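These numbers come from a predicted model, not from an experiment.
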Amino acid sequence: WAVVWDDSDQVTWGPKPLETLRWLPRVEPITESLETTTLRIEFETPNDADKQMKVAVVQSRDGWLKPTGWAAARSIPVTPPLTVVEFEDLPVRPTAISVFIDVDEDNDLGRGAFGIPIEPYGFSNNVTVLFGPPRFGDATIELTPPLTTARIRIRGLSKGSDASDLDGRPQRLTMSDRTAVIGVKT
């Protein structure tokens with residue numbers, strides 16, 4: 001079966017050999033502009049003042065937890081108790097965020113046994129993982145114009161931390177707080 005458009009734009013359906021196709025219909029590119037927004041991310045950072053926080057904003061599965069393929073990325077100084085960063089002109093589409101605090105200042109997420117992070121980290125939706133990295137779909141948030149605000153709790157504590165959260169209460173860490181693998185690099 002083949003579809004044939006002739007010079008008068010008439011369409012004929014039927015068993016036709018492929019060589020009878022004169023031309024394919026013209027496809028117009030999508031010219032509508034994508035709607036954009038500003039993404040404001042507030043990180044609960046009880047300690048690690050003046051260390052660098054590595055933030056990656058991803059809008060596809062292909063870039064999730066990879067060293068490339070981000071929609072935006074930034075390295076910013078940590079400012080306890082709340083570190084804030086804004087990304088402007090992001091397309092309105094499903095978005096996931098990964099972050100870590102570069103305590104040892106080597107521009108890479110420090111990992112211990114079995115790839116478990118030894119530096120503080122976090123994900124959008126405050127995803128808690130048990131075995132392996134979180135899925136893109138679990139960390140995805142929906143962006144809405146003109147401004148979307150996301151709040152992320154940093155998990156894991158660096159050495160010398162006071163082990164307290166923003167309210168001054170002791171913070172209890174579980175193994176699930178330390179099992180994600182993040183591919184954020186600068």
[X] (side chain) donor-acceptor with [Y] (main chain) under 3.5 angstrom:
X    : Y    : value
K54  : F100 : no
N125 : T140 : yes
E35  : P145 : no
T37  : P146 : yes
D102 : Q52  : no
E119 : V103 : yes
W64  : G137 : no

**Complete:** Per side-chain contact (heavy atoms from CB on, under 4.5 Å), L90 is matched among L34, T38, L143 by L143
Tell me, yes or no, whether the heavy-atom count around [X] atom [atom1], taken from other residues, nucleotides or ligands under 6.0 Å, exceeds 12.
X   : atom1 : result
E86 : CD    : yes
R93 : CZ    : yes
D50 : CG    : no

Closest heavy-atom contact between [X] and [Y]?
X    : Y    : value
I118 : G112 : CG2-N, 3.6 Å
P94  : F136 : O-CZ, 4.3 Å
G156 : P120 : O-CB, 3.7 Å
V84  : I76  : O-CD1, 4.3 Å
V127 : P134 : CG1-CB, 3.6 Å
V99  : I152 : CG1-CG2, 4.4 Å

**Message:** If I take atom CG from residue N126 and atom CD1 from residue I154, how far apart are they, to the nearest 0.5 angstrom?
**Reply:** 8.5 Å
**Complete:** Distance col, row W70:CH2 vs T68:OG1, nearest 0.5 angstrom, shows 8.0 Å
Non-hydrogen side-chain atoms of [X] and [Y] separated by less than 4.5 Å:
X    : Y    : result
F43  : I101 : no
I97  : V55  : yes
S124 : V57  : no
I41  : L39  : yes
T128 : R155 : yes

**Request:** Output yes when E42 and R151 qualify as a salt bridge under the 4.0 Å nitrogen-oxygen rule, no when they do not.
**Result:** yes
**Message:** If the condition is side chain to side chain contact (heavy atoms under 4.5 Å, CB included), which residues does T36 pass it with, not counting sequence neighbours?
**Reply:** D89
